[in-house]
Amino acid sequence: MASNSTKSFLADAGYGEQELDANSALMELDKGLRSGKLGEQCEAVVRFPRLFQKYPFPILINSAFLKLADVFRVGNNFLRLCVLKVTQQSEKHLEKILNVDEFVKRIFSVIHSNDPVARAITLRMLGSLASIIPERKNAHHSIRQSLDSHDNVEVEAAVFAAANFSAQSKDFAVGICNKISEMIQGLATPVDLKLKLIPILQHMHHDAILASSARQLLQQLVTSYPSTKMVIVSLHTFTLLAASSLVDTPKQIQLLLQYLKNDPRKAVKRLAIQDLKLLANKTPHTWSRENIQALCECALQTPYDSLKLGMLSVLSTLSGTIAVKHYFSIASGNVGSSPRSSDLVKLAQECCYHNNRGIAAHGVRVLTNITVSCQEKDLLALEQDAVFGLESLLVLCSQDDSPGAQATLKIALKCMVKLAKGRPHLSQSVVETLLTQLHSAQDAARILMCHCLAAIAMQLPVLGDGMLGDLMELYKVIGRSATDKQQELLVSLATVIFVASQKALSAEIKAVIKQQLESVSNGWTVYRIARQASRMGNHDMARELYQSLLTQVASEHFYFWLNSLKEFSHAEQCLTGLQEENYSSALSCIAESLKFYHKGIASLTAASTPLNPLSFQCEFVKLRIDLLQAFSQLICTCNSLKTSPPPAIATTIAMTLGNELQRCGRISNQMKQSMEEFRSLASRYGDLYQASFDADSATLRNVELQQQSCLLMSHAIEALILDPESASSQEYGSIGAAHADSEYERRMMSVYNHVLEEVESLNRKYTPVSYMHTACLCNAIIALLKVPLSFQRYFFQKLQSTSIKLALSPSPRNPAEPIAVQNNQQLALKVEGVVQHGSKPGLFRKIQSVCLNVSSTLQSKSGQEYKIPIDNMTNEMEQRVEPHNDYFSTQFLLNFAILGTHNITVESSVKDANGIVWKTGPRTTIFVKSLEDPYSQQIRLQQQQAQQPLQQQQQRNAYTRF
């Protein structure tokens with residue numbers, strides 16, 4: 001249990017581990033490099049990539065690579081090979097080498113060796129460094145020279161280096177193109193070398209002229225050398241060149257289709273299909289109707305299943321893109337043609353029931369994509385074909401637990417979800433098919449089918465009730481073995497039951513689930529089911545499951561984590577007893593809920609560790625507590641209209657102050673405070689949203705809904721009581737327009753719309769504050785709280801992990817020690833940073849740019865008070881930098897004219913590909929002490945000394961007069 005739960009909410013927390021000093025780690029490896037034993041030297045070399053990963057800043061990487069270059073220069077070939085491998089593994093760190101000239105000089109010295117193997121390793125090393133030395137002419141010359149070598153190893157290394165430099169340098173590509181052309185066409189060049197030289201031409205895409213000459217050469221090769229290997233290599237290079245240069249893609253598609261149709265060799269046909277798939281993925285918009293038609297004809301005519309499978313995979317890729325819409329839009333423009341009569345549909349219908357599973361899957365996928373994307377009226381037969389094809393494929397694959405059958409089943413189930421979403425009227429038959437097949441399927445297939453049912457029920461909740469009976473029957477008869485598949489199936493089935501039951505679980509369903517779980521000894525399965533119950537808002541079930549797990553965990557942190565989840569579930573369960581119009585019971589329910597929430601937050605704080613501070617969870621729960629307190633306070637305020645009505649002189653006070661609201665007495669001020677409280681909570685939810693860069697979209701939507709609840713209440717208070725004239729609900733007008741992805745979101749949306757309608761109907765009809773207004777506000781609170789809170793995935797599990805590490809220079813040896821700067825000089829502050837990722841980088845969103853904000857504040861002035869000309873009293877700067885290979889650096893010029901100690905704060909935030917700014921941190925602080933420059937100090941002292949005799953003379957004159 002303990003080891004598994006580590007994967008969930010403690011995943012990817014390894015960045016805070018105890019680190020050694022970077023210099024001492026480098027010195028330790030340097031000791032190994034200086035060892036007299038070859039084994040120790042090799043071990044030290046191969047440990048460098050780990051060092052780069054741990055300390056990814058230029059100052060260390062530069063020193064380390066210079067040491068490796070020394071080893072490369074004086075070591076034997078095996079050590080050189082080790083250094084080469086380290087360089088290739090650390091490609092993303094190469095641009096951090098500061099002394100590139102010195103580094104390359106040490107490497108390049110080996111190119112003059114008499115040993116061809118040493119020269120070959122050096123050439124490969126230079127090729128691996130092409131990204132940082134693309135225009136080094138001595139490297140270019142060495143590669144050209146080595147291409148003429150008589151040693152095969154050296155020539156192959158030169159080919160590798162030539163390919164790398166061609167990709168990076170336009171000058172090199174232009175210069176080497178003719179040389180490669182001569183070698184390929186030369187009779188003296190062996191065929192195997194020609195096959196290695198041809199792929200270099202794929203990099204000749206730097207300008208149109210170069211690409212055209214490379215294309216002509218490849219065209220000659222394809223016709224002049226008709227052997228299978230030559231044609232395959234030339235055609236593939238041709239495709240890669242066309243995909244990079246983009247201009248010649250339509251011509252390349254035609255050429256590949258021509259080979260597919262006319263060349264009798266299966267190897268060439270397979271290569272053509274592979275390249276067509278590449279172009280279908282990269283440039284689907286360049287496919288014309290004639291291209292798709294030609295591919296369909298080839299697929300209809302070929303007798304080979306393997307080739308038919310390949311062609312259908314290309315067509316299924318195209319069917320999900322704009323190409324298929326273009327195909328049918330032109331087809332429907334022709335007289336007498338319709339989507340149903342096209343060759344693409346005929347092919348898909350023919351393949352739907354093919355005995356080869358892969359072909360059938362692609363046929364069904366094509367039909368599904370056509371059905372969903374083409375909105376013609378006469379597609380009824382096509383829809384039926386798609387449904388029947390999916391049903392037959394489901395029956396075929398659900399009985400087989402082989403990996404191939406499971407992969408095919410996944411395709412079929414994705415098509416079912418897509419069909420149910422695109423054509424809702426077909427969803428009932430799809431669900432019935434799944435439920436029927438669920439009883440007889442293999443366990444592995446059942447798990448996938450449960451995921452599919454859950455996805456359909458989330459989109460179309462109306463289908464949920466119909467599923468429950470079958471699902472409960474299956475849950476009762478499911479096997480009780482402790483195999484992984486059975487455990488997974490229990491979780492999947494429970495998830496579908498939670499989704500399908502929508503509101504509250506009946507006692508019978510809870511009894512069946514608990515009875516089945518009692519016989520399962522695996523605590524991890526119980527935890528996962530409890531987690532799903534929390535996510536779906538079934539808090540009473542979740543509380544009982546968390547309670548049963550408390551004694552099964554191995555560490556106190558896990559105990560406190562589970563205890564906090566139990567308390568939160570109990571707190572949310574207390575809110576299910578809320579009733580409309582019964583405000584006193586609402587107050588007691590909220591108070592009871594808050595009691596358990598306070599217990600839970602104490603337990604959650606105890607569960608956090610330095611490696612995993614649970615910051616999102618703590619902040620989310622704190623906001624929930626504050627929201628409940630704000631709701632409770634608002635109900636009390638509404639009740640105060642009855643308990644503390646306005647005084648008799650309230651009207652006179654209102655007329656005197658010119659404020660109509662004063663007629664209502666003290667409630668007006670309390671309402672104003674409540675509105676400000678809700679706005680403050682909405683702002684805090686916004687901050688939590690911005691700080692959750694790694695959260696999944698469902699979690700972010702959940703935070704957004706909480707924020708909208710706060711804004712809705714503040715708007716209702718303003719519209720009903722504080723300012724009925726100017727308040728408008730236009731900003732909430734589009735609330736119901738967005739498509740809701742979960743039952744929780746749907747229910748919250750309906751509550752929002754209902755509250756807005758109530759507010760709109762009361763607004764301007766009655767003068768504030770009446771009992772109608774306070775009743776509307778209290779009913780709005782009860783309606784919001786009656787929707788069970790959903791604890792989404794990010795609360796339990798972190799799938800993506802992104803963090804930024806900053807390094808400032810100059811930096812003091814002791815963090816509390818200030819950096820000394822003269823007040824007439826500016827400080828050049830260099831900010832470097834690396835982006836660190838977990839196991840799944842960029843799963844939900846990627847960093848486009850990093851925004852660095854530098855500000856300084858004066859902490860304390862120096863004791864001496866005298867006037868100094870001030871140009872700029874404060875520093876407030878911002879810069880955006882784009883990380884390259886997860887590294888960025890920039891500089892700021894800061895002015896410290898005022899003498900004293902200044903506090904510099906550097907804060908980073910990130911911008912994703914959609915332009916949204918996320919406040920990810922970190923925030924780093926250093927201290928600067930601004931000192932008076934010696935010249936100004938000297939002038940000031942001279943002026944003081946000159947003033948002293950004058951003051952003394954004035955004093956003497958005063959004494960004599962006295």
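The backbone N or O of L221 lies less than 3.5 Å from no partner atom in the side chain of S224, so there is not a single donor-acceptor pair. Put simply, the side chain of S181 never gets that close to the backbone of C177: no donor and acceptor are under 3.5 Å apart. A donor-acceptor pair under 3.5 Å is formed between the side chain of S35 and the backbone N or O of K37. With S811 contributing its side chain and A807 its backbone, the two residues share no donor-acceptor pair below 3.5 Å. Between the side chain of T609 and the main chain of N612, a donor-acceptor pair closer than 3.5 Å is present. With hydrogens and angles disregarded, a donor-acceptor distance shorter than 3.5 Å links the side chain of Q800 to the backbone of F844. Between the S149 side chain and the Q145 main chain, no donor and acceptor come within less than 3.5 Å of each other. A donor-acceptor distance shorter than 3.5 angstrom exists from the side chain of N281 to the backbone of K277, with no hydrogens or angles considered.
Counting heavy atoms from C-beta on, the side chains of S90 and F48 never come closer than 4.5 Å. Taking 4.5 Å as the limit, some side-chain heavy atom of L829 sits within range of a side-chain heavy atom of I904. Side-chain contact between L201 and F238 is absent, with no heavy atoms from C-beta onward closer than 4.5 Å. Inter-residue side-chain proximity for L799 and Y794 is flagged as unmet; no heavy-atom pair is nearer than 4.5 Å. Here the side chains of N164 and L126 are not in contact, with every heavy-atom distance at 4.5 Å or above. K137 is not listed as a side-chain neighbour of H141, based on a closest heavy-atom distance of 4.5 Å or more. Between I121 and F72 there is a side-chain heavy-atom pair separated by less than 4.5 Å. Residues V831 and F892 form a side-chain contact, since some pair of their non-hydrogen atoms from C-beta on lies under 4.5 Å apart.
Heavy-atom neighbours of H112 NE2 from other residues, nucleotides or ligands within 6.0 Å: above the threshold of 12. In this structure, R34 places its CZ atom where only 12 or fewer heavy-atom neighbours from other residues, nucleotides or ligands lie under 6.0 Å away. Counting non-hydrogen atoms of neighbouring residues, nucleotides and ligands closer than 6.0 angstrom, the CG atom of N114 reaches no more than 12 such neighbours. Enclosure of atom CD in E91 is not indicated, since only 12 or fewer non-hydrogen atoms of other residues, nucleotides or ligands lie within 6.0 angstrom. Other residues, nucleotides and ligands place no more than 12 heavy atoms under 6.0 Å from the CD1 atom of I209.
Checked against a 6.0 Å centroid threshold, the rings of F65 and F52 count as neighbours.
Legend: ring-ring contact (aromatic ring centres under 6.0 Å, His included) pairs involving residues 183-220, not counting sequence neighbours: none detected. Residue pairs meeting the salt bridge (Lys or Arg N to Asp or Glu O under 4.0 Å) criterion with at least one partner in residues 104-129, sequence neighbours excluded, are D70-R106, E102-R106, R119-E154. Sorted by first and then second residue, the salt bridge (Lys or Arg N to Asp or Glu O under 4.0 Å) pairs involving residues 917-926 (not counting sequence neighbours) are E907-R923.
Side chains of Q202 and T237: a donor-acceptor N/O pair is absent below 3.5 angstrom, by distance only. Remark: the Y887 side chain and the E832 side chain contain an N/O donor-acceptor pair separated by less than 3.5 Å. Checking Q879 against Q891 by side-chain atom types alone, no donor-acceptor pair falls below 3.5 Å. Under 3.5 Å, the side chains of S849 and E882 contain no donor-acceptor pair of N or O atoms. Remark: the S128 side chain and the Q88 side chain contain an N/O donor-acceptor pair separated by less than 3.5 Å. Neither side chain, Q168 nor S131, offers a donor N or O lying under 3.5 Å from an acceptor on the other.
Rounded to the nearest 0.5 angstrom, F693 CZ and R845 CZ are separated by 6.5 Å. Distance check, rounded to the nearest 0.5 Å: CG of L193 to CD1 of I198 gives 10.0 Å. Distance check, rounded to the nearest 0.5 Å: CG of L129 to CD1 of I132 gives 5.0 Å. Here the CE atom belonging to M27 is positioned 10.5 Å from the OG atom belonging to S63, to the nearest 0.5 angstrom. Note that CZ of R215 is 4.5 Å distant from CG of D248, once rounded to the nearest 0.5 Å. One finds the OG1 atom of T87 at 6.5 Å from the CG atom of L94 (value rounded to the nearest 0.5 Å).
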Practice problem: Apply salt bridge (Lys or Arg N to Asp or Glu O under 4.0 Å) to R136 and D101, showing your working. | Solution: CA-CA 10 Å; R136 290 289 165 116; D101 292 341; 2.5 Å; yes
Exercise. Evaluate side-chain contact (heavy atoms from CB on, under 4.5 Å) for K798 paired with D694, printing each intermediate quantity in order.
Key: CA-CA 7 Å; K798 197 173 182 180; D694 293 318; 4.0 Å; yes
Practice problem: Could you give me the CA-CA distance, side-chain angles and deciding distance for L271 and H236, then say whether side-chain contact (heavy atoms from CB on, under 4.5 Å) is met? | Solution: CA-CA 7 Å; L271 183 276; H236 188 55; 4.1 Å; yes
Exercise. Could you go through the side-chain contact (heavy atoms from CB on, under 4.5 Å) check for V881 and S889 one step at a time?
Key: CA-CA 7 Å; V881 282; S889 91; over 6 Å; no
Exercise. Please step through side-chain contact (heavy atoms from CB on, under 4.5 Å) for the pair F165 and I133, ending with a clear verdict.
Key: CA-CA 9 Å; F165 271 92; I133 52 163; 4.2 Å; yes
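Salt bridge annotation for K846-D912: absent, with no cationic side-chain nitrogen under 4.0 angstrom from a carboxylate oxygen. Contact check on D148 versus K179 returns a salt bridge, with a Lys/Arg side-chain nitrogen under 4.0 Å from an Asp/Glu carboxylate oxygen.
The shortest heavy-atom contact between D207 and K170 is OD2-CE, 3.1 Å. The shortest heavy-atom contact between M204 and S166 is CE-OG, 4.0 Å. Closest of all the heavy-atom pairs between A25 and Y55 is CB-CE1, 4.0 Å. Contact between M183 and L147 at its shortest, heavy atoms only, is CE-O, 3.5 Å. The two atoms that bring A280 and V314 nearest to each other are CB-CG1, 4.2 Å, heavy atoms only. Taking every heavy atom of both residues into account, S908 and G921 meet most closely at OG-O, 2.6 Å.
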